[in-house]
Amino acid sequence: MWIYNGTPVDSHADLLTGCTDFVYLITYACGRMYIGKKSVRAIRRLKPTKKQLSKRKNYVRKEWVDLPFAKYEGSSELTQGLKAVSKEILYQCSTKKAATYLEVALLMHHDALFDPDFINENISGTFFNSDLDGLLEP
């Protein structure tokens, strides 16, 4: 079960109106943590109906679709097989860009790549925990 500001979140009805993505912190039984983001709603392009096609040939039908998140426990290979103890929603966002920014900011703030308490190994697929191996110090 997800928790947001001390309140349980079990379904899309429990999320804020307009929430499409959220930033989360999952704590596992081993004591390590993972910071990430999850999409909970997305726009899907669907085939137009015959009635819509009769009005206009190039009709594009779009609908908001709820994506499953209730049983989500992380998609990283490093978290596979680990038991989640707590799943906390830190921020709810109405855009993917806002969620990405907040996720990166939290990872940088907590120095997650170098802290052994965090499972995260990269930030946005750009910065990896091995990037500073060649750092020279006086």
Could you check Trp64 against Ile43 for side-chain contact (heavy atoms from CB on, under 4.5 Å), going step by step and ending with a plain yes or no? CA-CA 5 Å; Trp64 282 99; Ile43 291 180; 3.6 Å; yes
Membership question, hydrophobic clusters at under 4.5 Å side-chain separation (ILVMFWY): are [Y] and [X] in the same one?
X: Tyr28; Y: Ile89; value: yes
X: Tyr91; Y: Phe22; value: no
X: Val104; Y: Tyr24; value: no
X: Ile26; Y: Leu78; value: yes
X: Leu102; Y: Met108; value: yes

Does atom CZ of Arg56 have more than 12 heavy-atom neighbours, drawn from other residues, nucleotides or ligands, at distances under 6.0 Å?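 Yes, the 6.0 Å shell around CZ holds more than 12 heavy atoms from other groups.
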Verify the distance criterion only: is there a donor paired with an acceptor across the side chains of Lys37 and Thr100 at less than 3.5 Å? yes
Is there a side-chain contact between Leu15 and Tyr4, using heavy atoms and a 4.5 Å cut-off? no
Heavy-atom side-chain contact between Thr20 and Lys96 under 4.5 Å: no
Smallest separation among heavy atoms of [X] and [Y], with atom names:
X: Pro48; Y: Leu53; value: CG-CD2, 3.7 Å
X: Gln80; Y: Ser76; value: NE2-O, 3.2 Å
X: Lys38; Y: Pro68; value: CE-O, 3.6 Å
X: Ala42; Y: Leu67; value: CB-CD1, 4.0 Å

Classify the angle between the aromatic ring planes of Tyr72 and Trp2 as parallel (below 30°), tilted (30 to 60°) or perpendicular (above 60°). parallel
Report the residues that fulfil salt bridge (charged side-chain N to carboxylate O under 4.0 Å, His left out) with Glu77, sequence neighbours left out, ordered by chain and then residue number. none
Here the gap from Asn5 atom CG to Glu88 atom CD, rounded to the nearest 0.5 Å, amounts to 8.0 Å
Please round to the nearest 0.5 Å and tell me the distance separating atom OG of Ser54 and atom NZ of Lys57.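 Rounded to the nearest 0.5 Å, the OG-NZ separation comes to 11.0 Å.
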Does [X] use its side chain to pair, donor to acceptor, with the backbone of [Y] at less than 3.5 Å?
X: Arg45; Y: Val60; answer: no
X: Ser39; Y: Asp21; answer: no
X: Lys87; Y: Ala70; answer: yes
X: Gln92; Y: Leu16; answer: yes
X: Arg44; Y: Glu63; answer: no

Anything under 3.5 Å between a donor and an acceptor, one on a side chain of residues 112-127, the other on a protein residue two or more places apart or in another chain? List them.
from, atom 1, to, atom 2, distance (Å)
Asp115, OD1, Asp117, N, 3.0
Asn120, OD1, Ile35, N, 3.1
Asn120, ND2, Ile35, O, 2.8
Asn122, OD1, Gly125, N, 3.0
Thr126, OG1, Ser124, O, 3.3

Full working for side-chain contact (heavy atoms from CB on, under 4.5 Å) between Thr49 and Arg61: CA-CA 8 Å; Thr49 62; Arg61 185 170 67 135; 4.1 Å; yes
side-chain contact (heavy atoms from CB on, under 4.5 Å) between Cys19 and Val40, worked out: CA-CA 8 Å; Cys19 174; Val40 293; 4.1 Å; yes
